[in-house]
Amino acid sequence: MNYRVIFLVGAIFLTLSFCTTKKKDKNGLSLTSPEDIVNIHFYLDQNGQPGYKTTFKKNVMIDSSSLGLVLSGEYSLDKGFEVLNSTETSFDETWEQPWGEERFIRNNYKELTVNLENEAGLKLDIVLRAYDNGVAFRYVFPEQEQLKEFEVMDELTEFRMADDHLAWWIPAYSGNRYEQLYTKSGLSEMEKVHTPLTIETKRGFYISIHEAALTDFSSMVIENRGDNVLKCDLVPFSTTDPVKSYVTAPFHTPWRTIIVGEKPGELITNYVNLNLNEPNKLDDISWIKPGKYIGVWWEMFINVGTWAQGPKHAANTGNVKKYIDFAAENGFDGVLVEGWNYGWDGDWMGGGTTFDFTKPYPDYDVEELSRYAKEKGVYIIGHHETGADIVNYENQLEDAYQFLEDHGMRAVKTGYVEHGDTLPNGYYHHGQYFVRHFEKVIETAATHKVMIVAHEPIKDTGKRRTFPNMVSREGAKGQEYNAMGGNSADHVTIIPFTRSLSGPFDYTPGVFDVKLKTMPNDQVKTTLVRELALYVVIYAPMQMACDLPENYEGHPAFEFIRQVPTDWETTRVLEGEIGEYVTIARQERDTDNWFIGAITNENPRTASISFNFLEPEKTYKATIYKNSPDTDMINNPTGYEIDEMEITTDSRIELQLASAGGAAIAVYPVE
Ligand code: NOJ
């Protein structure tokens, strides 16, 4: 049977659901995943405090760990509980992503709802789900007389590890938000870290702790409490307000999630966090389209242009027209323009200046440029740098998005640069205040049919399922750091197994002038071919080609960027070790074309690629972009060769990757 027919059959709604009331025995309640691979056990300890334990293939994934919450005032939801009732249900459906790295996603789990009541008569439900590749749980506050509006002061959720496993982490509360290089260490060396937190267990399997569907609640940081005990640490509301979240019941917290796989690559193709989000809430989404963009952007980072007014002001009508021409000639959908509006003159970071989101600089003719872009079949991507002054942004929000709509700007890049980890008014960048703001922006954008690519965002927790206009975000060290001191060569080999587990990442690949001729003391620790491979390796529905148009001119390798799609039918991780190397193959949506990206860290190595994912009895033409034999991250980062060959499902090729090297392959069926 044709693979597409199989997909379609699978896509037909398959929902099985049963509901039984479970009797609690003295040891608690157990829930096993549909194929009995993952188990989650719920219990009350001798003080009536809830707890849980989970296993993966009978191995301890999370050992006995406490649950509960501390509220302000006299109320507490941490002990003295009794189980009133419990119910088990199951669910199985396959849903279609409007765009994404995987078109059809199966959502198959068993769910246990435990209704608790404590000595004070307060009710709390805990809902737990067991998937074959992960577990999740959340707290539900039912409507009740005694608990209407309240303040969460602490969440007691623990993740007790069986050992001092190895972890890849970035620190929380240390400035620069999520923009940090990853540390690889034992759990015992962490303090407070962000999620997703990726862990290699001593049993050899891999887990990632994160949260899903973060809505109107503070975000979760993981605190190392010693003795392998990790605990949820909710980000406070502000530097002067220790409340973690203000809640009105009925309410439920975000899901606490632990995904699992035997190989690190299985974490990449795990969609549990997306499944835990609500289905699409927008009526018409036909206007939401993945694509590729270039922009008046990198030139500011490499000292060619400026955001602020002056002799080098980059967002001027003539310069933007050149970008529009280049985009139109090369099939790009959008042109990002930064520095187009009032607010950049002065110390704009952290609310130092006031941005105006409807007032262009005098040398930026917005009417003419909108007309010109439309005539050329591309759109301008708006830019809303807020300097983290959310009050100023919210005051202009409706007008700002109306302005984008009026000028045919179908996407906007937002930005929230501040100094440190708090917004200018003392609110935490990752607290409930910012989470609420972020949601408001997504919803406002949707009413104006605008897609969002957010920088300095709240971390991704799968919201794109509910709001498909929330297409991409930063939330990690991206390419721009290569013009600000530089990322280590292994950074992009860690990202797919850590940051990217949360969702699309606007890394902005595509530097061809790796040696940065305008910055003689810097160079990007990469090779030109690895930049190509990143279009496949780092998933983003809106991918930028970040370099200056002139740096692409005359380069045959640019053809790969022109061709590579950003919307996929399916994704396969062919091989990979965290921080070492990874090879990913993705099939273009609605076609039989495949694109493969292989990358390595500072160590050269051989990538061995088997094409057994191709359809049998078909012949394909592969165009292979590879490092030349003398390519080297330092001495010759831009050397490459392009080979063409016929391949079938039985083909296997070996490619030499240089230090910080890579390979990119485009595969088309031979008609
Ligand atoms: C930081 C963003 O990450 C970057 O892409 C942007 O150009 C600057 N802020 C200015 O908004």
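When a ligand or atom number is given, it counts from 1 through the structure's own listing order. Since the structure is predicted, the reported quantities are computational estimates derived from the model, not experimental observations.
Atoms of ligand 1 lying under 4.0 Å from any heavy atom of E474, numbered from 1 in the order shown and given with element: 3 (O). Remark: ligand 1 atoms within the under-4.0 Å shell around heavy atoms of W297 are 4 (C), 5 (O), 6 (C), 7 (O). Near V417, with a cut-off below 4.0 Å to any heavy atom, the atoms of ligand 1 are 1 (C), 9 (N). Near H383, meaning under 4.0 Å from one of its heavy atoms, ligand 1 places the atoms 11 (O).
Remark: ligand 1 and W348 share no N or O pair separated by less than 3.5 Å (distance only, no angle test).
Scanning the protein heavy atoms around atom 4 (C) of ligand 1, the nearest turns out to be E480 OE1, 3.3 Å. Atom 7 (O) of ligand 1 has its closest protein heavy atom at E338 OE1, 2.6 Å.
With atom 10 (C) of ligand 1 as the reference point, the heavy atom nearest to it among E456, Q479, E385 is part of E385.
Contact between K413 and ligand 1 is present, with at least one heavy atom of the residue lying under 4.0 Å from the ligand. In this structure, W344 is part of the shell of residues with a heavy atom less than 4.0 angstrom from ligand 1.
For the pair K244 and F237, the cation-pi test (distance below 6.0 Å, angle within 45°) is failed.
Side chains of W99 and V471 form a contact here, defined as non-hydrogen atoms less than 4.5 Å apart. The shortest side-chain heavy-atom distance between T526 and V514 falls under the 4.5 Å cut-off.
For Y178 and H430, the ring centers are positioned less than 6.0 Å apart.
The one candidate from H455, R473, Q479 that meets the side-chain hydrogen bond (donor to acceptor under 3.5 Å, both in side chains) condition with D506 is H455.
Atom NZ of K515 sits in a crowded spot, with more than 12 heavy atoms from other residues, nucleotides or ligands closer than 6.0 Å.
Taking a cutoff of 4.0 Å between a charged side-chain nitrogen and a carboxylate oxygen, E367 and R371 do not qualify as a salt bridge.
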